[in-house]
Amino acid sequence: QVQLVESGGGLVQPGGSLRLSCAASGTIVRINDMGWYRQAPGKQRELVATITSGRSTNYANSVKGRFTIARDNAKNTVYLQMNSLKPEDTAVYYCNAFVLSSVTGIYWGQGTQVTVSS
């Protein structure tokens, strides 16, 4: 089995920055696409950013130009660098990954809270 563990969330002022990390562990053969999603209270979960195994990236329009997704394959880790944060970025952020393992499929992290407030 595979577990995704997130870190880096917290409270930050508007205009500030945070860097989220999500490390996959377990019996891993290969990790293909990885991504970040977020869900604010009363809203649907939405895609934030994705990155393929070839490091092709895709961003939601709301974060384009402010957020950067990256990955370190040696560490089985995906990052989300968040700059110029806005109050509307406040949400629980979830990472996910398509993992080839004994049980191949999409795995999700437990979520990490990001709060942007003065």
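As the structure is a computational prediction, the values presented were derived from the model and not from experiment.
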Q.
For the OG atom of Ser21 and the NZ atom of Lys75, what is their distance to the nearest 0.5 Å?
A. 9.0 Å
Q) When rounded to the nearest 0.5 angstrom, what is the spacing between CG in Leu20 and SG in Cys95? A) 9.0 Å
Q | Between CZ on residue Arg30 and CG on residue Asn73, distance to nearest 0.5 Å | A | 8.5 Å
**Q.** Heavy-atom closest contact (Thr77 atom, Ala23 atom, distance)
**A.** OG1-CB, 3.5 Å
Q.
Quick check on the hydrophobic clustering: are Leu85 and Tyr59 connected, directly or via other members, by side-chain heavy-atom contacts under 4.5 Å?
A. yes
Q) Would you say the side chain of Pro14 lies within less than 4.5 Å of the side chain of Pro87, judging by non-hydrogen atoms? A) yes
Q.
For the OG atom of Ser7 and the CZ atom of Arg19, what is their distance to the nearest 0.5 Å?
A. 9.5 Å
Q | Arg71 vs Tyr79 side-chain heavy atoms within contact, under 4.5 Å | A | no
Q.
For a 4.5 angstrom cut-off between non-hydrogen side-chain atoms, does Val92 reach Thr112?
A. no
Q. Has Arg45 got its NZ or CZ under 6.0 Å from the middle of the six-membered ring of Tyr94, at an angle within 45 degrees of the ring axis?
A. yes
Q.
Between Asp89 and Phe67, does the side-chain contact (heavy atoms from CB on, under 4.5 Å) criterion hold? Intermediate values first, please.
A. CA-CA 11 Å; Asp89 295 319; Phe67 291 10; 3.9 Å; yes
(Q) Let's go through Asn58 and Leu47 carefully: what are the C-alpha distance in whole Å and the side-chain angles of both, what is the deciding distance for side-chain contact (heavy atoms from CB on, under 4.5 Å) to 0.1 Å, and is it a yes or a no? (A) CA-CA 9 Å; Asn58 186 43; Leu47 173 69; 4.2 Å; yes
Q: Give the cluster check for Val2 versus Tyr37: same hydrophobic cluster or not, with ILVMFWY residues linked at side-chain heavy-atom distances below 4.5 Å.
A: no
(Q) To the closest 0.5 Å, what do you measure between CH2 (Trp36) and CE (Met82)? (A) 8.0 Å
Q: Check whether the side chains of Ser17 and Asn83 place a donor and an acceptor atom closer than 3.5 Å, and report yes or no.
A: yes
**Q.** Close side-chain approach of Leu80 and Tyr93, heavy atoms under 4.5 Å
**A.** yes
Q) Is the number of heavy atoms from other residues, nucleotides or ligands within 6.0 Å of CD (Gln39) greater than 12? A) yes
(Q) When you measure from the side chain of Thr90 to the backbone of Val116, do you find a donor-acceptor pair of N or O atoms at a distance under 3.5 Å? (A) yes
Q: Treat each ILVMFWY residue as a node, draw an edge where side-chain heavy atoms are under 4.5 Å apart, and state whether Ile51 and Leu100 are in one component.
A: no
**Q.** Derivation of the side-chain contact (heavy atoms from CB on, under 4.5 Å) call for Leu4 and Trp108
**A.** CA-CA 6 Å; Leu4 273 57; Trp108 289 87; 5.9 Å; no
Q: Answer yes or no: are there more than 12 heavy-atom neighbours, outside Gln44 itself, under 6.0 Å from its atom CD?
A: no
Q | Side-chain H-bond candidate by donor/acceptor type, Ser62 with Arg38, under 3.5 Å | A | yes
Q | In one Ile/Leu/Val/Met/Phe/Trp/Tyr side-chain cluster, 4.5 Å: Val48, Phe98 | A | no
Q.
Show, in sequence, the C-alpha distance, side-chain angles and deciding distance for Glu6 and Gln110, and conclude whether the side-chain contact (heavy atoms from CB on, under 4.5 Å) test is met.
A. CA-CA 7 Å; Glu6 305 175 12; Gln110 76 286 350; 3.9 Å; yes
Q. If you take all heavy atoms of Ala91 and Ala40, which pair is closest and at what distance?
A. CB-N, 3.8 Å
Q.
Can you confirm whether Val12 sits close enough to Thr115 that some side-chain heavy atom of one is under 4.5 Å from a side-chain heavy atom of the other?
A. no
Q) Is it the case that one hydrophobic cluster holds both Ile31 and Val103, taking links as side-chain heavy atoms less than 4.5 Å apart, direct or via other members? A) yes
Q | pair Val114-Leu18: side-chain heavy atoms closer than 4.5 Å | A | yes
